[in-house]
Q: 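Here it is, the structure in full.
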Amino acid sequence: MTATPVIPCFFHPKQLKFKPKYEWAFGEKIEHPETTARAEGILAALEQDPEHFVIRRPVEVTEEMIHSVHDPRLVRMLQTAQSLRKTDTFYPAVFMRGMDITPDPGQISHAGSFCFDSGTPLSRETWLAARWSASCAVTAAMTVASGDARIAYALSRPPGHHATRGLFGGYCYLANSSLAAQCLRTGGARRVAVLDIDVHHGNGTQEVFWDDPDVLTISLHGSPENFFPFFTGFAEEIGGGAARGTNLNVPMPEGTDGQAYEMGLEQAIARILDYDPSFLVVAAGVDTYERDPMGNFGLTTEDLGRVGERIGALGLPTVAVQEGGYYTPHIGRNVKSLLAGLAEGARGKKAS
Ligand code: SP5
Ligand code: ZN
């Protein structure tokens with residue numbers, strides 16, 4: 001009986017420097033859900049289990065790599081926020097569009113042109129935190145691509161899957177999971193699949209690879225009929241041009257529990273098997289958890305383990321990138337359950 005290999009987990013302390021203050025929710029000012037306690041909770045849980053997890057520092061991602069996914073003007077906008085005063089948090093409030101306007105990414109007052117919602121503020125710390133968060137995803141991808149590990153985990157925070165080529169939003173600034181997939185592609189992979197299990201639609205990943213037949217994007221999420229991000233995530237969205245059929249959305253109703261979730265997951269698994277990628281990126285949000293304040297699903301910690309196991313059983317080299325998950329008292333055990341499931345599923349696969 002061989003032990004499961006240790007999972008390398010990437011994290012940089014600079015990711016904790018960014019502290020968004022609040023957001024508006026139906027007219028109420030609420031504490032911002034994307035707190036540093038999230039990363040700290042995950043880190044503490046992983047550190048407690050050195051037999052299964054080892055924490056490593058990521059290598060800083062190059063701007064060239066970031067530009068392989070993002071419009072340089074978005075990058076420039078985030079960098080502009082570095083000139084904000086130490087105590088200031090900038091909430092984009094003017095979202096001009098539809099006219100002959102020329103947004104200037106060098107001007108903080110134009111940030112609304114590079115942003116799609118009101119819950120994703122900028123401070124002078126945002127850029128570096130986002131850059132290190134992306135660095136975790138890319139370093140985890142390089143670790144798996146080089147064969148150093150079969151499974152690697154990026155403790156990415158702030159999250160990434162809502163960020164598009166040119167827009168930040170949904171607490172996301174840089175598209176971490178997309179960057180991981182892109183890194184695997186440039187590393188020579190034939191085809192890559194991204195499976196997004198965050199409770200919200202991975203609109204950013206969908207957009208980035210919309211026309212790319214070599215990256216399969218799948219998202220399981222709360223139906224956008226009544227759930228963020230509202231505009232995207234419908235089953236009709238299947239990819240464009242030569243990439244038609246390489247985007248799969250599986251919207252599910254409010255209250256979806258572990259058992260109902262499994263059916264959506266099987267649909268995703270079948271598509272991945274059919275596509276036959278050489279690598280898998282899991283956009284690993286745990287806001288499907290039953291107590292999540294942002295989510296509307298009912299998965300338990302054990303369910304997350306089973307989800308991980310099912311995905312791990314695909315037997316693919318896998319990069320798990322942290323996305324959402326906001327119930328901080330249990331976030332550590334939830335992430336651990338998911339990752340342990342991945343490892344367990346992969347091990348079962350090897351034995352059979
Ligand atoms: C990465 C990620 O999980 N982003 C999620 C962004 C969701 N933002 C939605 C904000 C809507 C506020 N509604 C508050 C409802 C509290 N019950
Ligand atoms: Zn989410």
Side-chain angles (χ1 to χ4, degrees), residues 15 18 20-39 41-42 91-92 115-121 126 129-130 133-134 136-137 154-164 167-180 194-208 218-233 249-252 254-256 261 264 281-299 304 307 320-328 330-331 334-335 338:
Q15 293 171 245
F18 174 52
K21 288 185 195 160
Y22 58 81
E23 77 163 323
W24 298 100
F26 303 103
E28 299 279 350
K29 202 173 178 178
I30 59 167
E31 291 289 307
H32 203 286
E34 209 287 283
T35 60
T36 51
R38 301 179 57 246
I42 296 168
Y91 285 80
C115 170
F116 69 80
D117 77 351
S118 67
T120 316
T126 309
S133 184
C136 292
L155 206 182
S156 292
R157 177 277 160 183
H161 73 149
H162 294 304
T164 68
L167 301 172
F168 63 97
Y171 318 154
C172 302
Y173 303 91
L174 295 174
N176 306 319
S177 292
S178 292
L179 282 160
V194 183
L195 174 57
D196 190 323
I197 58 171
D198 185 285
V199 77
H200 303 98
H201 175 233
N203 62 291
T205 322
Q206 168 171 305
E207 194 219 73
V208 167
I218 302 181
S219 180
L220 312 180
H221 48 261
S223 172
E225 284 170 57
N226 58 0
F227 198 57
F228 187 90
F230 303 108
F231 291 90
T232 61
N249 284 326
V250 185
M252 286 179 276
E254 194 175 341
T256 292
Y261 193 85
V281 175
V282 181
V286 292
D287 43 13
T288 50
Y289 184 48
E290 55 187 353
R291 296 174 78 163
D292 197 282
M294 295 291 123
N296 65 0
F297 282 7
L299 273 64
L304 285 164
V307 167
V321 179
Q322 188 61 46
E323 295 288 354
Y326 305 96
Y327 189 71
T328 49
H330 294 173
I331 193 169
N334 285 340
V335 169
L338 179 70

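All ligand and atom numbering here is 1-based and tracks the order in the structure. A quick note: this is a predicted structure, and the numbers were derived from the prediction, not measured.
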Q: Would you say ligand 1 has an N or O under 3.5 Å from any N or O of Ala25?
A: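 For ligand 1, there is no N or O atom that lies under 3.5 Å from one belonging to Ala25.
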
Q: Has Arg157 got a side-chain atom pairing as donor or acceptor with Gln15's backbone, closer than 3.5 angstrom?
A: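 Yes, the answer is positive, given that a donor and an acceptor are paired below the 3.5 Å cut-off.
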
Q: For Pro159, take its heavy atoms, then give the atoms of ligand 1 lying under 4.0 Å from any of them.
A: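 Those of ligand 1 that fall under 4.0 Å from Pro159 are 1 (C).
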
Q: Do you know which two heavy atoms are closest between Ala175 and Ala163, and how far apart they sit?
A: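 Result for this residue pair: CB-O, 3.7 Å.
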
Q: Donor-acceptor pair, distance only, cut-off 3.5 Å: does the side chain of Gln322 make one with the backbone of Gly324?
A: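 Here the side-chain-to-backbone pair exists.
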
Q: Looking only at side chains, do His200 and Asp198 share a donor and an acceptor under 3.5 Å apart?
A: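 Yes - a donor-acceptor pair under 3.5 Å links their side chains.
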
Q: Would you say Asp287 and ligand 1 have an N/O pair spaced under 3.5 Å apart?
A: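 N/O-N/O distance under 3.5 Å: yes.
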
Q: Could you check whether any side-chain N or O of His32 sits under 3.5 Å from a backbone N or O of Gly119, counting only pairs where one atom can act as donor and the other as acceptor?
A: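 Yes, the answer is positive, given that a donor and an acceptor are paired below the 3.5 Å cut-off.
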
Q: If we ignore angles and hydrogens, is there a donor and acceptor under 3.5 Å between the side chains of Ser177 and Glu323?
A: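 Yes, side-chain donor-acceptor contact under 3.5 Å.
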
Q: Nearest to the Zn ion (ligand 2), which N, O or S atom of Asp198 do we find?
A: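 Checking each N, O and S atom of Asp198, the shortest distance to the Zn ion (ligand 2) belongs to OD1.
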
Q: Between Asn176 (side chain only) and Ala137 (backbone N and O only), is there a donor and an acceptor less than 3.5 Å apart?
A: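 Absent.
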
Q: Would you say the ring centers of Phe228 and Tyr171 fall short of 6.0 Å from each other?
A: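 Centroid separation for Phe228 and Tyr171: 6.0 Å or greater.
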
Q: Can you pull out the closest protein heavy atom to atom 4 (N) of ligand 1? Residue, atom name and distance to 0.1 Å, please.
A: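 Nearest neighbour among protein heavy atoms for atom 4 (N) of ligand 1, to 0.1 Å: Gly170 O, 3.0 Å.
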
Q: Could you list the atoms of ligand 1 found under 4.0 angstrom from a heavy atom of His161?
A: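 Listed by number with element: 1 (C).
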
Q: Establish whether atom 11 (C) of ligand 1 and some protein heavy atom are separated by less than 4.0 angstrom.
A: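 Looking at atom 11 (C) of ligand 1, one finds that no protein heavy atom lies closer than 4.0 Å.
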
Q: Quick check on contacts: which atoms of ligand 1 are under 4.0 angstrom from a heavy atom of Asp198?
A: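 The list of qualifying atoms is 3 (O).
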
Q: Restricting to N, O or S atoms, which atom of His200 is closest to the Zn ion (ligand 2)?
A: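 Sorting the N, O and S atoms of His200 by distance to the Zn ion (ligand 2) puts ND1 first.
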
Q: Which atoms of ligand 1 are found less than 4.0 Å from any heavy atom of Glu23?
A: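 Listed by number with element: 10 (C).
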
Q: Considering just N/O/S atoms, say which atom of Asp287 is closest to the Zn ion (ligand 2).
A: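 Output for this pair reads OD2.
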
Q: Which atoms of ligand 1 have any heavy atom of Gly324 under 4.0 Å away?
A: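 Listed by number with element: 3 (O).
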
Q: Hey, is the main chain of Leu220 close enough, under 3.5 Å, to the side chain of Tyr261 for a donor-acceptor pair?
A: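 It does not hold such a pair.
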
Q: Of the protein's non-hydrogen atoms, which lies at the shortest distance from atom 17 (N) of ligand 1, and what is that distance?
A: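 For this ligand atom, the closest protein heavy atom is Pro293 O, 3.6 Å.
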
Q: Polar contacts were defined as any N/O atom of the residue lying under 3.5 Å from an N/O atom of the ligand; does this apply to Tyr326 and ligand 1?
A: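 There is such a contact, yes.
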
Q: Which atom pair, heavy atoms only, marks the closest approach of Gly295 to Asp292?
A: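 Smallest interatomic distance, heavy atoms only, reads N-OD1, 3.1 Å.
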
Q: Counting only nitrogen or oxygen atoms and a 3.5 angstrom limit, does His200 reach ligand 1?
A: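 Looking only at distances, the answer is yes, because the N/O contact criterion of under 3.5 Å is met.
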
Q: Counting both backbone and side chain atoms, is some N or O of Glu323 under 3.5 Å from an N or O of ligand 1?
A: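 So ligand 1 has no N or O lying under 3.5 Å from an N or O of Glu323.
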
Q: Any idea which of Tyr171, Trp24, Phe26 brings a heavy atom closest to atom 15 (C) of ligand 1?
A: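 Considering heavy atoms of Tyr171, Trp24, Phe26, the nearest to atom 15 (C) of ligand 1 sits in Phe26.
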
Q: If every non-hydrogen atom of Gly170 is compared with every non-hydrogen atom of Phe116, which pair is closest and at what distance?
A: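 Closest approach of Gly170 to Phe116, heavy atoms only: N-CZ, 3.8 Å.
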
